[in-house]
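Reviewing the structure listed below.
Order of appearance sets the numbers: ligands from 1, and atoms from 1 within every ligand.
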Amino acid sequence: MPENRCLQGIWSSPWIFIFAAGGSAVGLGNIWKFPYVLGENGGGAFLMVYCLCLLAVGLPVLIAEVSLGRTVRSNPIDTVNDLSERNLLHSRWVLVPWLAGITGFLILTFYSVISGWSMAYLERAVAGKFASLDQGSAQGMFDALLNSPGEMLFWHSLFMFLVILTVGQSVTRGLSTLVRILLPALIIILLFLASYSMLVGNAGEAIDFLFRWSWEDLTFDVVLSAVGHALFSLSVGMGAMFAYGAYMSKRMSIARACAIVVGVDLLVALLAGLVIFPLVFAFQIDVEAGPSLTFVSLPIILGALPAGPFVGAIFFLLLVIAALTSAISMLELFVAWMHEKYYISRLQAATMLGGAVWFIGIAVLMSFADWDSKLMFGLNGFELLDKFTTLIMLPVVAILLSVLVAWALPRDMLQKELITQQVAHFQWWHNVLKYISIPVMVLITVAGWIGV
Ligand code: TRP
């Protein structure tokens, strides 16, 4: 049966969707953000709520996004336009893919700066600068980077250049080969680092911190951060998976593919936690250190390893590639749309959008160099963008997208898309989305905002 094609192409094998979606999901969110958000939110309590959020919110919403993309096989904006022309949706819903695209765009402005740090650390690893670092000198190395806007600008620019080049090509080519090597390699190296870290660090306290929790630790802030991070880590709530769904072969079961992506994403985050926390406790680094946590603790262990420079170089190289495969998914929605609508090349579209991201990124980078200058609500540029996108935009877009799929879209249309498996599974998912994921997201987001 010939497949109905998307303008951007279709992934050559059903598995490639898993690699591309996995490549988008696994990124700085798992290795840089997860440990510090967990640290700031009290450890075990956060982890438990986070796992629940992945299952009750992340997975159902991910399935919703991907199915929506695959039904029409166009970019998200035109998908909604197309559905409204066929009188299947109200035209106002087009606001949702727009908001989604804007969220991705905004996230990339700070994501690129942090990816730049990873590149800077790759260079330091290659140059052997991690040798015999202790907590003080590791912190010093990180502070020195933050205090050189020129260096951060260089790496941020280089990273954006790579993003523009990659997303300017078709995502249905090239990318998959990269991710196919990246994911297994990343898991292997994390396994190795985690074992070493548990050996030399304080494994007992780390495991206690990660897996033990009590009811008092459960506040609305913790729950809101867990929902926000679950969406961030799975790349849902900004149309990236919506866009990727359009290139997915019909031969693949969406539910199975998404479940695998969630599993891999959680595995990588947990491994990162098992690398970082034994060191954090052994070297008495503050668990609430925030964005610097990974970048201060990791070099200590890399410096102590016999093959440190080599392992460090490979690790940061993998991290940069993981960040790249995530970053390109943030621009995909608008790039595909501009390419299809205005007949400009993908590279031109990527250059325009990427240029704008690069420019805003400069403001973010300055906020690290001048961490104490607050812009609004006592937050600086990075904190504002991070909190605004993760805690407000992502949940709002995820809620709207889910309502669109669960309530607004004709049910039989979805059913046709999803029933490569049994009807019972479809029912299950549809009900979870309608009666659990959406109410949970609404309740938590609103409660979190008003600060219950
Ligand atoms: N999930 C990625 C990470 O964990 C980040 C990311 C890529 C993302 N695409 C996204 C986050 C879309 C939110 C929305 O690093």
Side-chain angles (χ1 to χ4, degrees), residues 19-38 50 53-54 57-59 61-62 64-66 69 76 96-97 99-115 117-118 159 163 166-167 171 175 179 182-183 186 190 225-245 258 261-273 291 294 318-336 353 357 385-401:
F19 286 116
S24 167
V26 173
L28 295 173
N30 306 61
I31 290 160
W32 159 71
K33 201 167 182 193
F34 174 78
Y36 90 73
V37 176
L38 184 115
Y50 180 68
C53 288
L54 282 182
V57 177
L59 181 61
V61 181
L62 180 61
E65 258 200 44
V66 176
V96 179
L99 283 178
I102 294 170
T103 312
F105 176 91
L106 288 178
I107 290 180
L108 188 53
T109 60
F110 66 83
Y111 204 83
S112 166
V113 175
I114 317 292
S115 307
W117 295 356
S118 315
F159 186 77
V163 171
T166 324
V167 81
V171 281
L175 176 68
V179 183
L182 169 81
L183 282 181
L186 197 62
L190 279 171
S225 305
V227 174
H229 189 66
L231 299 176
F232 185 94
S233 192
L234 291 180
S235 308
V236 291
M238 52 146 277
M241 296 299 187
F242 188 158
Y244 279 8
C258 292
V261 170
V262 173
V264 170
D265 192 64
L266 179 63
L267 176 70
V268 174
L270 275 180
L271 285 176
T294 297
L318 292 175
L319 187 58
V320 171
I321 301 175
L324 189 65
T325 56
S326 299
I328 57 175
S329 71
M330 300 181 196
L331 282 189
E332 177 58 24
L333 188 155
F334 278 148
V335 168
L353 288 164
V357 169
L385 268 170
D386 177 29
K387 298 251 182 303
F388 177 68
T389 49
T390 316
L391 302 183
I392 301 181
M393 297 284 280
L394 281 182
V396 168
V397 177
I399 290 169
L400 291 174
L401 259 167

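Pairs of residues two or more places apart, or lying in two chains, never qualify as salt bridge (Lys or Arg N to Asp or Glu O under 4.0 Å) while including a residue from residues 230-242.
Residues forming a ring pair (Phe, Tyr, Trp, His ring centres under 6.0 Å) with Tyr50 (at least two apart in sequence, or on another chain): Phe34, Phe46, His229. Applying the side chain to side chain contact (heavy atoms under 4.5 Å, CB included) test to Phe388 and every residue at least two apart in sequence or in another chain returns Leu106, Ile392, Met393.
In this structure, the separation between CD1 on Ile114 and CH2 on Trp32 is 4.0 Å, given to the nearest 0.5 Å.
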Would you tabulate the polar-atom pairs, meaning N/O of ligand 1 against N/O of the protein, with distances under 3.5 Å, reported to 0.1 Å?
residue  : atom   : partner : partner atom : Å
ligand 1 : 1 (N)  : Ser24   : O            : 3.2
ligand 1 : 1 (N)  : Ala25   : O            : 3.1
ligand 1 : 1 (N)  : Phe232  : O            : 2.8
ligand 1 : 1 (N)  : Ser233  : O            : 3.1
ligand 1 : 1 (N)  : Ser235  : OG           : 2.9
ligand 1 : 4 (O)  : Ala25   : O            : 2.8
ligand 1 : 4 (O)  : Gly29   : N            : 3.4
ligand 1 : 4 (O)  : Asn30   : OD1          : 3.3
ligand 1 : 9 (N)  : Ser235  : OG           : 3.2
ligand 1 : 9 (N)  : Ser329  : OG           : 3.1
ligand 1 : 15 (O) : Leu28   : N            : 3.2
ligand 1 : 15 (O) : Gly29   : N            : 2.7
ligand 1 : 15 (O) : Tyr111  : OH           : 2.5

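Pairing each heavy atom of Ala240 with each of Ser235, the nearest pair is CB-O, 4.1 Å.
When each of Val163, Leu331, Leu333 is paired with Leu353, the side-chain contact (heavy atoms from CB on, under 4.5 Å) condition holds for Leu331 and for no other.
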